[in-house]
Amino acid sequence: MNSNHLIAKIFEEIADALEFLGDNPFKVRAYRTASYILESLEEDISVYIQKGEKIFGIGEDLKEKILEFIKTGKIKKHEELLSKIPRGIFDIMKIPYIGPKTAKTLYEELGVDNIEKLKKIVESGDLLRIKGFGIKKLENIKKGIELYQKLSERYPIGEIYQDVINLKNYISSISGVQKVELVGSFRRFKETIGDIDILICSEKNISEDILKHPKIKDIFSKGDTKISFSYELSNTRLIQVDIRVVEERSWGAALMYFTGSKEHNILLREFAAEKGYKLNEYGIFRDNIYIGGRSEEEVYKILEIQYIPPEIREGRNEIELAKKYLIPKLVEITDIKGDLQVHSRYSDGIMDFWEIEAEALKLNYEYIAITDHSKSLKVAGGMEVEDLIRRNKEIKKFNENSKVKLLLGAEVEILSDGSLDYPDEILEQLDIVLASIHNVRKDEDITERYLKAMENPFVDIIAHPTGRLVSYREPYKLDLDAIFKKASERKIILEINAHYNRLDLNDINILKAKRYNVKFSIGTDAHNRNGFGMMGFGIKMAKKAILTKEDIINTLSYEELISFIKECRRHRISEK
DNA sequence: GCCGTTTTCGGCCCGACTGTTTTCAGTCG
């Protein structure tokens, strides 16, 4: 479907192989950067090449290799390298403490070409015979193998969210700690997290106090300003935590550095160097004299570029935008006036209307769309038409005395032939109709189902369009361009499902959709009170895709929203 | 291998920690 990911994998392997062979480190970097860029493109790489669009980081040579892949399905250089290096070496290099150099020595001196052999060599102690290998290194490799099996996993951000907050709170409570911030991929809101990065401002050494935490297992390193350990999550799995401690005057520069991404940092530091500065985690310097770094804002100001929000620091084109002051004001959670996907007791939720109202009031919302499942989705308590009518009556009555408007809504199943699960005369009575797909046959392409459903004038929103579950289920097979194009023509809104398991659309797809000039809604898919808290995740996803308040319909007031939906429906009816 | 109004050749982000070392290489982020 999309060759970006496949080519990115190949480039990554070429980089590993070249590193193993001791090739030019900058060449290795070029392959890694290109791999990273490919993974974050909105369109298939062939589209850019066809249009003759230059992509920063992919030069003539790599372009040729990409074309070679598109034509033949493989890249000769890759095949050659694979034939030279045993497969198992690539796994060995993924083990902590083992880099290309160690892997090479192990291979050349002892013939270690897979993890099983490595385990045996470690047990036998033969390792110690090699020059430069001591007891400690042996112990580290042993630990590395263990960690490789336990730590090589990435977790959906929502799954570890509370653990991370708990750890932050613990650190905040240590005496001498002035500031604590969660940085790294957590601050950038990547949908999965591989390790936790924490930045601390403190004048005194607090390492010992931190390491008293009972959930800390192995300590990997412990210095004056940097400690690293494995931490037991509430699901009993382990995650690596890296902590850095800096002084007040370095706080901003350190925040920038540890928030990353790595690719963003490299680009920003190169830019700083061009202007005659040196930027590192301690501050921004000219001729080795400290000029600033207390806050992020200060550093950006010295560089004479716009402040770049953490969520978009992914090394895409954000620095170019910042140079021209073209980053718009991103949507904030305080812009949100209501939630557009909530389930009540009428389907598989557990909340009464008054409970929903109470939560909405806490969040200062004007409205909530009650979007219970439709009849075919039996597993989720889908409502028969009579139940829906009864529920609607009840909502209307509730609204007479409610401070929060409950919208008559439904999450209506798109059936296998693309028709909707309720007849039009029922849909017409609803304030808002979300259409979605939950039942998909193996390998089924659902594009046509969507396109057919989108012909119906009462479909206002497509909910969780790709159906993916973070880390657990791949997106359904579908042609997103066709869906986005249709959504644009028919004035159908695309949902950003904020539930941390879904985050659907995700940032890359939102960026892609935006080019079709569509609007978005953010819905939490709340089934219980805690569910409303997911809104923050949806907002972060929207920010990652540089969305503003104007892009998102639930920043509208109640009256504005109702008239907006009506206007879109009129457009669809007149088109038909 | 990429990139460029100081360069088409010669640069390429920058620093912490560890281990096996007598001044540094390897790994990591």
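Residue numbers start from 1 in every chain, and the chains themselves are labelled A, B, ... in the order their sequence lines are given, proteins ahead of strands. These numbers come from a predicted model, not from an experiment.
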Tell me what [X] touches on the nucleic acid: a base, only sugar-phosphate, or nothing, going by heavy atoms under 4.0 Å.
| X | result |
| --- | --- |
| A:T225 | sugar-phosphate |
| A:K104 | nothing |
| A:Q240 | sugar-phosphate |
| A:K54 | sugar-phosphate |
| A:I130 | nothing |
| A:K77 | sugar-phosphate |
| A:F258 | nothing |

Whole angstroms only, please: what is the [atom1]-[atom2] distance between [X] and [N]?
| X | N | atom1 | atom2 | answer |
| --- | --- | --- | --- | --- |
| A:R187 | B:dG29 | CZ | C1' | 17 Å |
| A:F133 | B:dT21 | CZ | C1' | 15 Å |
| A:F220 | B:dG19 | CZ | P | 13 Å |
| A:I135 | B:dT18 | CD1 | P | 18 Å |

Flag the pair A:R32 and A:E12 as a salt bridge only when some basic side-chain nitrogen lies within less than 4.0 angstrom of an acidic carboxylate oxygen. yes
Holding to salt bridge (Lys or Arg N to Asp or Glu O under 4.0 Å), I want the full list of residues that pass it with [X], two or more places apart in sequence or in another chain.
| X | value |
| --- | --- |
| A:K226 | none |
| A:K212 | A:D209 |
| A:E80 | none |
| A:D507 | A:R316 |

### Query
Do other residues, nucleotides or ligands put more than 12 heavy atoms under 6.0 Å from A:E53 CD?
yes
Among B:dT20, B:dC2, B:dA16, the one nearest any side-chain atom of A:K136 is B:dT20
Quick note, A:N140 side chain, CB onward, closest among B:dG15, B:dG19, B:dG1 is B:dG19
Provide a list of protein-nucleic acid N or O atom pairs under 3.5 angstrom, restricted to nucleotides 10-14 of chain B.
unit_1	atom_1	unit_2	atom_2	d
B:dC12	O3'	A:R29	NH1	3.3
B:dC12	O3'	A:E270	OE2	3.4
B:dC13	OP1	A:R29	NH1	2.6
B:dC13	OP2	A:R29	NH1	2.2
B:dC13	OP2	A:R29	NH2	2.9
B:dC13	OP2	A:E270	OE2	2.8
B:dC13	O2	A:R269	NH1	2.8
B:dC14	O4'	A:R269	NH1	2.8

For nucleotides 22-27 of chain B, give me every protein contact, N/O to N/O, under 3.5 Å, one pair per line with atom names.
unit_1	atom_1	unit_2	atom_2	d
B:dG26	O3'	A:T102	OG1	3.4
B:dT27	OP1	A:G99	N	2.8
B:dT27	OP1	A:G99	O	3.3
B:dT27	OP1	A:T102	N	2.9
B:dT27	OP1	A:T102	OG1	2.4
B:dT27	OP2	A:K101	N	3.3

Q. Is the closest side-chain heavy-atom distance between A:I200 and A:R244 below 4.5 Å?
A. no
| message | Checking A:F20 against A:F90 for the ring pair (Phe, Tyr, Trp, His ring centres under 6.0 Å) test, could you report, in this order, the C-alpha distance in whole Å, the side-chain angles of both residues, the deciding distance, and whether it holds? | response | CA-CA 9 Å; A:F20 178 77; A:F90 292 88; 7.9 Å; no
Assign each of A:D195 and A:G132 the nucleotide of DNA chain B bearing its closest heavy atom; nearer the 5' end lies the nucleotide of A:G132
Tell me whether the centres of the aromatic rings in A:Y161 and A:F186 are closer together than 6.0 Å. yes
